[in-house]
**Student:** 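One structure is given below, represented as structure tokens, and several questions about it will come after.
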Amino acid sequence: LAKTTQPISMDSYEGQEVNITCSHNNIATNDYITWYQQFPSQGPRFIIQGYKTKVTNEVASLFIPADRKSSTLSLPRVSLSDTAVYYCLVANQGGKLIFGQGTELSVKP
Amino acid sequence: NAGVMQNPRHLVRRRGQEARLRCSPMKGHSHVYWYRQLPEEGLKFMVYLQKENIIDESGMPKERFSAEFPKEGPSILRIQQVVRGDSAAYFCASSPPGHPSSYEQYFGPGTRLTVT
């Protein structure tokens, strides 16, 4: 089981780019890296998933170096509504998602 | 296209009562997962079900908790003889049929259980 480590909290201001890094030193060859977002009093929402290099969608970008021992979620030009907890997950062990503590992002005006 | 639906959204029970939480997966989804989130903590996997089958219940407490996903109707998470430590948010998620290792699970809004 690949454990993930990410900062407990981060602060940012509106309009800035936010990068949240997650380390997963024991990631296995067939593991994928997935990020979820959770707003207060809501269920988590899938943001992005990748295996290697770079993945981009309408919400975020995910950067994964060649050794895959870490990954960085990049949120361009954040707004107040991006204030949430962001979870980095590796693998899902046949159906179940293993959530860590997540990173609590606070975006200030 | 309705998302995952859970009801009730809020549930208050006294110690010793039973709690029944319902989850209707997204249309066409045949995999259902239940997670529990204690205050100030991350989500913890409880159980993974397909229609009429429990696939993985490794996260379920050994006593008082049970789950089902019948052929017809919603998935039910049942907690008997609730205690204060059961107070938490319970989230249901679903994913489409096919390979079970789907990283993209769709979560419902959760049921917040309070035990008094």
Side-chain angles (χ1 to χ4, degrees), chain A residues 1-9 20 22 24 27-52 55 57-60 62 64 68 71 73 84-105, chain B residues 3-6 9-10 21 23-26 29-50 53-60 67 69 88-114:
Chain A
L1 172 60
K3 183 182 175 181
T4 60
T5 303
Q6 52 183 126
I8 293 175
S9 63
I20 306 174
C22 176
H24 25 79
I27 190 169
T29 303
N30 58 349
D31 287 343
Y32 278 73
I33 299 152
T34 310
W35 286 79
Y36 275 77
Q37 173 192 56
Q38 185 180 24
F39 296 114
S41 301
Q42 294 186 28
R45 182 175 74 106
F46 174 92
I47 302 176
I48 198 166
Q49 174 184 309
Y51 184 80
K52 61 180 178 180
V55 180
N57 61 22
E58 66 277 5
V59 176
L62 179 60
I64 305 168
R68 304 198 332 119
S71 59
L73 176 72
V85 179
Y86 292 82
Y87 294 97
C88 165
L89 292 83
V90 173
N92 69 358
Q93 297 189 44
K96 62 186 180 187
L97 298 177
I98 308 297
F99 287 85
Q101 282 193 309
T103 297
E104 188 169 356
L105 174 65
Chain B
V4 176
M5 302 182 71
Q6 293 187 247
R9 294 292 307 276
H10 300 274
L21 288 64
C23 169
S24 296
M26 286 183 69
H29 285 193
S30 58
H31 302 290
V32 166
Y33 317 81
W34 285 92
Y35 296 83
R36 176 167 65 175
Q37 186 169 34
L38 295 169
E40 308 302 323
E41 293 188 17
L43 288 87
K44 304 295 183 188
F45 168 81
M46 299 182 75
V47 62
Y48 162 33
L49 309 106
Q50 294 180 22
N53 285 305
I54 296 175
I55 306 302
D56 181 350
E57 56 180 348
S58 58
M60 287 279 272
F69 188 17
Y90 292 81
F91 292 97
C92 169
S94 72
S95 65
H99 195 285
S101 298
S102 169
Y103 292 103
E104 188 168 358
Q105 295 180 10
Y106 298 81
F107 283 78
T111 293
R112 274 143 192 88
L113 172 65
T114 301

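All chains are named by letter (A, B, ...) in the order of the sequence lines, taking the proteins before the strands, and each is independently numbered beginning at 1. Because only heavy atoms are used, hydrogens play no part in the values below, and waters and symmetry mates are left out as well, while side chains stay in.
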**Student:** I'd like to check A:Gln42 versus B:Phe107 (side-chain heavy atoms, cut-off strictly below 4.5 Å). Are they in contact?
**Tutor:**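 They are not in contact (no side-chain heavy atoms under 4.5 Å apart), so the answer is no.
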**Student:** With a 4.5 angstrom heavy-atom cut-off, is it the side chain or the backbone of B:Tyr106 that approaches chain A, or both, or neither?
**Tutor:** neither
**Student:** Name the orientation class of the two ring planes belonging to B:Tyr33 and B:Tyr48 (parallel below 30°, tilted from 30 to 60°, perpendicular beyond 60°).
**Tutor:** parallel
**Student:** If you count heavy-atom pairs under 4.5 Å between each of A:Gly43, A:Gly102, A:Pro44 and chain B, which one has the most?
**Tutor:** A:Pro44
**Student:** With a 4.5 angstrom heavy-atom cut-off, is it the side chain or the backbone of A:Glu104 that approaches chain B, or both, or neither?
**Tutor:** neither
**Student:** Top residue by heavy-atom pair count (under 4.5 Å) with chain A, among B:Glu41, B:Gln37, B:Gln6?
**Tutor:**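 Going by pairs under 4.5 Å, I would pick B:Gln37.
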**Student:** Locate the shortest heavy-atom distance separating A:Gly50 from A:Leu62; write the atom from each residue and the value.
**Tutor:**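 Minimum heavy-atom contact is N-CD2, 3.5 Å.
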**Student:** Contact between A:Tyr36 and A:Leu97 at the side-chain level, heavy atoms closer than 4.5 Å - yes or no?
**Tutor:**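 Yes, close enough: below the 4.5 Å cut-off.
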**Student:** Could you tell me if the side chain of A:Cys22 sits less than 4.5 Å from the side chain of A:Tyr86, heavy atoms only?
**Tutor:** no
**Student:** Where does A:Gln101 contact chain B at under 4.5 Å (heavy atoms): side chain, backbone, both or neither?
**Tutor:**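 Neither; nothing under 4.5 Å.
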